[in-house]
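What follows is a single structure, written as structure tokens, with notes after it.
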Amino acid sequence: MKQLSTEHEYDVQAIQDKWLPIWDELKPFDSNKPGDTRPKKYVLDMFPYPSGDLHMGHAEAYALGDVIARYWAQKGFNVMHPIGWDSFGLPAENAAIKRGLDPKGWTYDNIEQQRSSMRRYACSFDWDRVLVTSDPIYYRWNQWLFLEFYKRGLAYRKNSPVNWCPSCQTVLANEQVVQGLCERCDSAVTKKSLTQWYFKVTDYADRLLDDLDGLEGNWPNKVLSMQRNWIGRSYGAEVSFEVEGRDEPITVYTTRPDTLFGATFMVVAVDSALASELVETADSTIRAEFDSYLEKTKKSNDIERLATDREKTGVFIGRYAINPVNGEKLPIWASDYVLADYGTGAIMAVPAHDERDAEFAVKFSLPVIPVVADPEDENGDGPRINSGSFDGLLREEAGDKIVEFLAAKQAGKKAKNFRLRDWLISRQRYWGTPIPIIHCDTCGEVPVPADQLPVELPSAEGLDLKPKGTSPLGAATDWVNVACPSCGAPAKRDTDTMDTFVDSSWYFLRYLSPKSETEAFPIQAAKDWAPVDQYVGGVTHAILHLLYARFFTKVLNDIGMIDFNEPFTRLLNQGMVQMNGSAMSKSRGNLVRLSDQLGDHGVDAVRLTMAFAGPPEEDIDWADVSPAGSAKFLARAWRAAKDVTCAPGVDFSKGNTELRKATHTFLRDFSPLIENFKFNVAVAKVMELVNALRKALDGNIGGADPSAREAAEAVAIGLSLFAPYTSEDMWAVLGHQPGVALAGLPEADETLLVENSITAIVQVDGKLRDKFEVPIDITAEQLRERAFASENVTRAIGDSEIANVIVREPKLVNIATK
RNA sequence: GCCGGAAUGGCGGAACGGCAGACGCGGAGCACUCAAAAUGCUUUGUUCGAAAGGACGUGUGGGUUCAAAUCCCACUUUCGGCACCA
């Protein structure tokens, strides 16, 4: 700290040391005070993963979340602004493996470090509501909810090909595969056939999509469109094709039933059960070819599969399907360009009107039959051809009529499809919530009875946590072997743990009673507080976490535990903090340490810099902003308070009108700026008021004038959103008891804001030529006269002929010349 | 390829269709000082001009309007997201 520690100087370190213990005592942000009648407001920051100390990204997120929380507190709300830790998950486990420690120790040490950093960072958290997801008291309710889902058929087990990360040695949800790579370690993801637990998100696909409309305007458009995209609903038809030598027809999904007459072959996903079944009766040559193709496909990963310039591959499997509209025999092929887990895993191929089918047809010399007259017609909107009695119909009508025709002979119907898949929640790792199911040879899957929850994780001691493809919990024999709750026979616990996204899907409700041993959350408190009024966090969770939390909310609503359908009413996505144009990282050598910044500039200066740098949703490049400048401003504001000499409680109405006007203009502008997330502009307004106050103090108004106190107090209250230490100290300097955070934002006095004159501008052909003060009630005629009386204006008009004069009294005259 | 953002001084960024560049960073100058730091004040889009005062100016090209950073169309660049989803 550069400042000398004298009582006349702004000493950041001394101020920080002074106020922390006092706040600990006063608990200004306790949201659970008995008899509190203030209206409730729930402001939530996404909780951190305890992977070390807080970094610059946390500092931004929590600074911005705190602006909002503190704003509502100043507005007289009882604000619940809780914090906790999302503390299960792979990093803890990997760190533990690397260092040979228990993941628990690593996790809880980090939590303590982050907790103390957050306290110093002076977030307005309610420390009585802390939750930690790896505590049994938390995850027991994960298990309870899992069983509620299970009861309703929303949690189920199935065998299917899953995303497998060969490096993490665990399965991944679809959402955790990014560009074919493991989200966590960037290894190429492969497919593996496993029996795994799923949540039936797809049952909620329509609601998850449709309810996004209600969030319009309150959630960033970007997030809404990402969610819509992810759910990916499409409308089309299911069409059944009879297959020679098979009792059951094959059903395909298509968005283009209008092109059915153009189908010339059928393709099934090579890795689907259907393909394997169809090929069984084929001759040995075909079978061998198929097997080797299937083998090759399984070995390849998504990266190879998805390469866009890759040639189509496939094998003919020796069977034929019958096109239900015209009886044509269509050869059935197997290929990897058809996905096993979308639609029905089989498609009708229309090479004339589908690029991928076209490539395949060219590669394997399959016939192409156009069904739209105009080959230039990319949408295929024009009249049908080669389509029997449907010839001449346009796209939409043709589609409808063909589906009608199919429906009449039980060979098709309208259908919709989703890109969204069910959520795979089992993980073959140690550090997570154990799945509360017992497997019994006679009874099958048996839920752990509610009174035996939580199923606590066994100690990691003696367990090999290294990834090996099966859960480390399998080796905890004392833990695994239990009596079947149903028949009492020897049985085994499920050894998988839950995806940590389960933990974060409902944590916002757990804050209502984080210590309850009798319920996940209290139903009445959920009515009072939830849903979250304002959620703040990074856009990295735009799909995963938000989608899952929305899903849980809808299920809980169906169960009758909550009375709302969407968890987060309003969402703010803050940008990232970068350094020299790229994300900070040790390997890039551009890591800025938060602790260094706090040490060099102080907590308030760092927080203020985060708010002032630009719009909150934009990224901040730390190289472009000036925490030193913020510190300078804070000192300037503090000194201004020091120079106020009139006593607290003085009658402001006797103060200087000009400065009062500045103060009340600020008070008028400030709130809407905060509510619209224009924190940077709000900070600028505080700076303007400080500048006006400084001028008044140094000029002939002076520190004894009541208006100086009024301005200084407004500055302190405004700054309390951004700079808790400085503002609290200013408040004390101004002679008040501690508690600027709850002092309340004064209402702007409208009578002070009434102007009786205004600066009018005169344009000639749209260009500014003159401006002057005019009375607010000037008439159009008077204003017009004043304009033409201006020398600048007449010179600008010169010899030109006047075409038109626009008068917008009292502000503007625009003279258009010919 | 498809779907969204974004583009304003040396820099971060402001601007209900009506004074472009608020506020800050950086720069220059002045005051205080033996000096420096700190602080305060002045100034700072480019350009012509001694000045008065002009010209130009919000990625590019068009359009709507008395008036466009703002609305419309096309384009360029750039950043995200999705991507063999039938």
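Just so we're clear, the structure is a prediction, and the values are computed from it rather than from any experiment. So you know, we letter chains A, B, ... as the sequences are listed, proteins then strands, and number each from 1.
Base orientation at B/G9 is syn, since its O4'-C1' glycosidic dihedral falls within 90° of 0.
Among A/Q597, A/Q578, A/E60, the one residue that satisfies the side-chain hydrogen bond (donor to acceptor under 3.5 Å, both in side chains) test with A/W622 is A/Q597.
In this structure, A/R419 atom CZ and B/G81 atom P are separated by 13 Å, rounded to whole Å. Here B/A86 presents its C1' atom at 13 Å from CD of A/E359, a figure rounded to the nearest Å. Look at CG on A/N229: it is 8 Å from P on B/A83, rounded to the nearest Å. Regarding A/Q763, its CD atom lies at a distance of 14 Å from the P atom of B/C66, rounded to whole Å. Computed from coordinates, the A/F633 CZ to B/C23 P distance equals 13 Å when rounded to whole Å. If you take CG of A/D619 and P of B/G5, they are 18 Å apart, rounded to a whole angstrom. Straight-line distance from the CD atom of A/E216 to the C1' atom of B/G4: 13 Å, rounded to whole Å. In this structure, the CD1 atom of A/I231 is 18 Å from the P atom of B/G81, given to the nearest Å.
Listed nucleotides: B/G24, B/C19, B/G40. Nearest to the side chain of A/L768: B/C19. Checking B/G13, B/A15, B/C84 against the side-chain heavy atoms of A/P615 singles out B/G13 as nearest. Closest to the side chain of A/T254, from the set B/C19, B/A86, B/C23, is B/A86.
Atom P of B/G13 sits at a distance of 29 Å from the matching atom of B/G62, rounded to the whole Å. Taking atom P on both B/A15 and B/A52, the two are 32 Å apart, rounded to the nearest angstrom. Comparing B/A7 with B/A14, their C1' atoms sit 16 Å apart, to the nearest whole Å. Comparing the same atom, C1', in B/G57 and in B/U8 gives a spacing of 10 Å after rounding to whole Å. Atom P of B/U44 sits at a distance of 12 Å from the matching atom of B/G21, rounded to the whole Å. Separation of the C1' atoms belonging to B/A55 and B/G59 is 22 Å when rounded to the nearest angstrom. B/U77 and B/C84 have their P atoms separated by 25 Å, with the value rounded to a whole Å. Nucleotides B/A69 and B/C3 have their C1' atoms positioned 26 Å apart, rounded to a whole Å.
Among the atoms of the strands shown, only primed sugar atoms or phosphate atoms (P, OP1, OP2) are found under 4.0 Å from some heavy atom of A/A816. Using a 4.0 Å heavy-atom criterion, one finds that A/S225 contacts no nucleic acid atom at all.
Judged by distance alone with a 3.5 Å cut-off, a donor-acceptor contact links the side chain of A/N814 to the base of B/C66. For A/K685 against B/C23, a side-chain-to-base donor-acceptor contact under 3.5 Å is absent. For A/E355 against B/G1, a side-chain-to-base donor-acceptor contact under 3.5 Å is absent.
In plain terms, the two heavy atoms of A/K811 and A/I758 that are nearest each other are CG-CD1, 3.6 Å. Shown here for A/L208 and A/R550, the closest heavy-atom pair between the two residues is O-NH2, 2.7 Å. In terms of heavy atoms, A/N680 sits closest to A/P615 at ND2-N, 3.7 Å.
Under a 3.5 Å cut-off, the side chain of A/D621 and the backbone N or O of A/A623 do form a donor-acceptor pair.
The pairing partner recorded for B/A7 is B/U76, the criterion being a Watson-Crick or G-U wobble arrangement whose two distances lie under 3.5 angstrom. In this structure B/U58 sits in no base pair that meets the Watson-Crick or G-U test at under 3.5 Å. The base-pairing partner of B/A14, taking Watson-Crick or G-U wobble contacts with both distances under 3.5 Å, does not exist among the strands shown. Within the shown strands, B/G81 is the pairing partner of B/C2 under the Watson-Crick or G-U definition, both distances less than 3.5 Å. Pairing partner, B/G49: none, since no Watson-Crick or wobble contact has both distances short of 3.5 Å. The partner of B/U64 cannot be assigned: no Watson-Crick or G-U wobble pair with both contacts below 3.5 Å exists in any strand. When both distances must be under 3.5 Å, the Watson-Crick or G-U wobble mate of B/A28 is B/U42. Across all strands shown, B/C19 remains unpaired; no Watson-Crick or G-U wobble contact has both distances below 3.5 Å.
Between A/S234 and B/A86 there is a side-chain polar atom (N or O) within less than 4.0 angstrom of OP1 or OP2. Applying the 4.0 Å criterion to OP1 and OP2 of B/G4, one finds that A/R228 has every side-chain N and O outside that range. For the pair A/Y337 and B/A86, the criterion of a side-chain N or O lying under 4.0 Å from OP1 or OP2 is not met. The side chain of A/R636 places an N or O atom within less than 4.0 Å of a non-bridging phosphate oxygen (OP1 or OP2) of B/C41. For the pair A/N680 and B/A22, the criterion of a side-chain N or O lying under 4.0 Å from OP1 or OP2 is not met. Dashed line: the shortest gap from a side-chain N or O of A/K811 to OP1 or OP2 of B/C19 is not under 4.0 Å.
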- request: Spell out protein contact along nucleotides 50-56 of chain B as letters: B when the base is contacted, S when just the sugar-phosphate is, - when no protein heavy atom is under 4.0 Å; keep the 5' to 3' order.
  value: ---SSSS
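Salt bridge status for A/K312 with A/D357: absent, with no side-chain N to carboxylate O gap under 4.0 Å.
Separating the CD1 atom in A/I347 from the CZ atom in A/F360 is a distance of 8.5 Å, to the nearest 0.5 Å.
With sequence neighbours left out, A/R636 forms a salt bridge (charged side-chain N to carboxylate O under 4.0 Å, His left out) with no residue at all.
Two residues, A/S626 and A/E688, neighbour RNA chain B, and the one matched to the more 5' nucleotide by heavy-atom proximity is A/E688. Each of A/N691 and A/N804 has a nearest nucleotide on RNA chain B; the 5'-most of these lies closest to A/N691.
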Do any side-chain atoms of residues 252-263 of chain A form donor-acceptor pairs under 3.5 angstrom with protein atoms, and if so which ones, sequence neighbours left out?
residue: A/Y253; atom: OH; partner: A/S234; partner atom: O; Å: 3.0
residue: A/Y253; atom: OH; partner: A/S234; partner atom: OG; Å: 2.7
residue: A/Y253; atom: OH; partner: A/G236; partner atom: N; Å: 3.4
residue: A/T254; atom: OG1; partner: A/R256; partner atom: N; Å: 2.8
residue: A/R256; atom: NE; partner: A/D258; partner atom: OD1; Å: 3.0
residue: A/R256; atom: NE; partner: A/D258; partner atom: OD2; Å: 3.4
residue: A/R256; atom: NH2; partner: A/D258; partner atom: OD2; Å: 3.0
residue: A/D258; atom: OD2; partner: A/R384; partner atom: NH1; Å: 2.6
residue: A/T259; atom: OG1; partner: A/R256; partner atom: O; Å: 2.8

Hey, can you pull the donor-acceptor pairs under 3.5 Å for the side chains in residues 681-689 of chain A, sequence neighbours left out?
none

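For the pair A/S727 and A/F722, the minimum side-chain heavy-atom distance is 4.5 Å or more. For the pair A/W423/A/L547, no side-chain contact is recorded, criterion being any heavy-atom separation below 4.5 Å from C-beta on. Residues A/M266 and A/V243 have side chains not in contact (no heavy-atom distance under 4.5 Å, counting atoms from C-beta outward).
If you check residues 664-679 of chain A against RNA chain B, the residues with a heavy atom closer than 4.0 Å are A/K678, listed by number.
Applying the side-chain hydrogen bond (donor to acceptor under 3.5 Å, both in side chains) test to pairs two or more places apart or on separate chains, those with a residue in residues 763-772 of chain A are A/D765-A/T817, A/D770-A/S790.
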